[in-house]
Amino acid sequence: MKLTNKVAVVTGGAKGIGLAIAQRYLAEGASVVVADIDTAAIDEAVSQLRQTVDTERVLGVELNVCDAASIDAMVVKVRERMGRIDILVNNAAVFDMAPVLEVTEASFDKQFAVNTKGMFFTLQAVAKAMVDQGQGGKIINMASQAGRRGEALVSVYCASKAAVISLTQSCGLDLIKHSINVNGIAPGVVDTPMWKDVDALFARYENRPLGEKKRLVGEAVPFGRMGTPEDHTGAAVFLASQDSDYVVAQTLNVDGGNWMS
């Protein structure tokens, strides 16, 4: 029970890694806010989470990280309902891919708007609340192994996640004076519903049968398989707990050995 009486906000928390982290945080004693743009998914996730805990420990909030007013409204609502914010997991993200010569301005803008700009200004708004509360806090940014290197078909996504790693470093160095630890997690290839779309894009651009790319990337992981959402929850608990008080501005690879740094 490493997070007893803490209040955690998980963006993109209605599915995949975000939902797995929300479940684990509840098991560790925290109250959890599922913040997501998909209202139907929020309702389903909140209903699922409330089956095992006191309903007052779970709150669903609609959030569009591309809209400053939506971010501010989320922070206000959480503080009104839960009293404070101790932990933020910046998990909301989008993915797209194309050869460099086919990348559109709309795709470029959307990926940076959600993955980078949205992450930063959600962090900023929550950090302001944490400073006002005067008790510090923990902020975890979900990066990616794609942020560690370029990939021919994934140029913009890689760049957006590299920016997440860089911002995690800068924000971590700036906010630690307020006892706010900013760190990140870099997943590798993770078996979530989104991989159906990713696999279809690789099939299109690499002329592969559906399912082949997913199988190949799983086999290439040194651990021997793709990651699961649950594989990332231990790191998320560590970075949200007192165990990580002396960890500042780091991005932890949780990728089965795909990347070493």
Side-chain angles (χ1 to χ4, degrees), residues 10-23 34 36-45 48 65-66 90-116 118-119 142-165 185-233 235-236 253-260:
V10 183
T11 73
K15 300 176 184 176
I17 294 175
L19 180 57
I21 291 173
Q23 292 171 322
V34 176
D36 205 292
I37 197 170
D38 187 337
T39 54
I42 291 173
D43 291 341
E44 184 176 346
Q48 177 182 334
V65 299
C66 298
N90 262 318
N91 177 66
V94 295
F95 177 89
D96 198 6
M97 62 182 286
V100 168
L101 299 183
E102 298 179 25
V103 172
T104 66
E105 185 175 4
S107 175
F108 185 103
D109 288 347
K110 183 175 182 180
Q111 290 181 79
F112 268 87
V114 176
N115 300 351
T116 308
M119 179 280 298
M142 298 304 294
S144 171
Q145 70 173 21
R148 301 290 195 188
R149 63 172 187 267
E151 296 184 27
L153 291 172
V154 198
S155 57
V156 179
Y157 182 79
C158 288
S160 72
K161 289 299 188 175
V164 170
I165 294 172
I185 295 173
V189 288
V190 185
D191 192 359
T192 67
M194 185 180 75
W195 244 97
K196 181 179 179 181
D197 297 327
V198 175
D199 184 80
L201 287 168
F202 273 111
R204 172 186 173 189
Y205 289 117
E206 294 185 345
N207 193 28
R208 298 179 181 276
L210 289 173
E212 182 181 62
K213 186 68 174 185
K214 182 178 179 180
R215 176 180 63 81
L216 291 173
V217 298
E219 291 174 353
V221 177
F223 191 86
R225 62 165 173 80
M226 293 180 75
T228 67
E230 291 73 22
D231 287 327
H232 301 79
T233 62
N253 300 327
V254 183
D255 58 13
N258 262 2
W259 190 259
M260 292 177 284

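Numbers for residues simply follow the sequence, beginning at 1.
In this structure, E102 places its CD atom where more than 12 heavy-atom neighbours from other residues, nucleotides or ligands lie under 6.0 Å away. Surrounding NZ of K15 are at most 12 heavy atoms belonging to other residues, nucleotides or ligands under 6.0 Å away.
Residues V217 and W195 have side chains in contact (heavy-atom distance under 4.5 Å, counting atoms from C-beta outward). Two residues are said to be in side-chain contact when any heavy atoms from C-beta on lie closer than 4.5 Å; D191 and K214 meet this criterion. Between V164 and M142 there is no side-chain heavy-atom pair separated by less than 4.5 Å. Between V94 and K110, some side-chain heavy-atom pair lies under the 4.5 Å cut-off. Considering only heavy atoms from C-beta on, F112 comes within 4.5 Å of V156 through its side chain.
In terms of heavy-atom proximity, P222 sits nearest to G257 at CG-O, 3.4 Å. For the pair S160 and N115, the tightest heavy-atom approach, listed with the atom from each and the gap, is OG-ND2, 3.2 Å. Residues S144 and I165 come closest through the heavy atom pair O-CD1, 4.2 Å. Taking both residues in full, the closest heavy atoms of V254 and A235 are given as CG2-CB, 3.8 Å, listed atom of the first, atom of the second, then distance. In this structure, L19 and Q48 approach most closely via the heavy-atom pair CD2-OE1, 4.1 Å. Residue A200 comes nearest to L210 through the heavy atom pair CA-CD2, 3.8 Å, listed as atom of the first residue, atom of the second, then distance.
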Just do the side-chain contact (heavy atoms from CB on, under 4.5 Å) check on I17 and N91 with the steps written out, would you? CA-CA 8 Å; I17 294 175; N91 177 66; 4.1 Å; yes
Residue pair S155, V103: steps toward the side-chain contact (heavy atoms from CB on, under 4.5 Å) verdict: CA-CA 9 Å; S155 57; V103 172; 4.1 Å; yes
Give the C-alpha distance, both sets of side-chain angles, the deciding distance and a yes or no for side-chain contact (heavy atoms from CB on, under 4.5 Å) between I37 and V65. CA-CA 8 Å; I37 197 170; V65 299; over 6 Å; no
I would like to know whether V10 and V34 meet side-chain contact (heavy atoms from CB on, under 4.5 Å); could you show each step before the answer? CA-CA 5 Å; V10 183; V34 176; over 6 Å; no
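Annotation: the span from M97 atom CE to E151 atom CD amounts to 8.5 Å, rounded to 0.5 Å. To the nearest 0.5 Å, the span separating NZ on K213 from CG on L201 amounts to 12.0 Å. Atom CD1 of I185 and atom CG of N90 lie 11.5 Å apart (nearest 0.5 Å). Atom CZ of F202 sits about 10.5 Å away from atom CG of L216, to the nearest 0.5 Å.
For R208, the side chain to side chain donor-acceptor pair (under 3.5 Å) partners two or more places apart in sequence, or in a different chain, are E206, E212. Among residues two or more places apart in sequence or in another chain, the ring pair (Phe, Tyr, Trp, His ring centres under 6.0 Å) test is passed with F95 by Y157.
Under a 4.0 Å N-O distance rule, the pair R148/D255 does not qualify as a salt bridge.
Of the possible donor and acceptor atoms, none in the side chain of D109 sits under 3.5 Å from a partner among the backbone N and O of A106.
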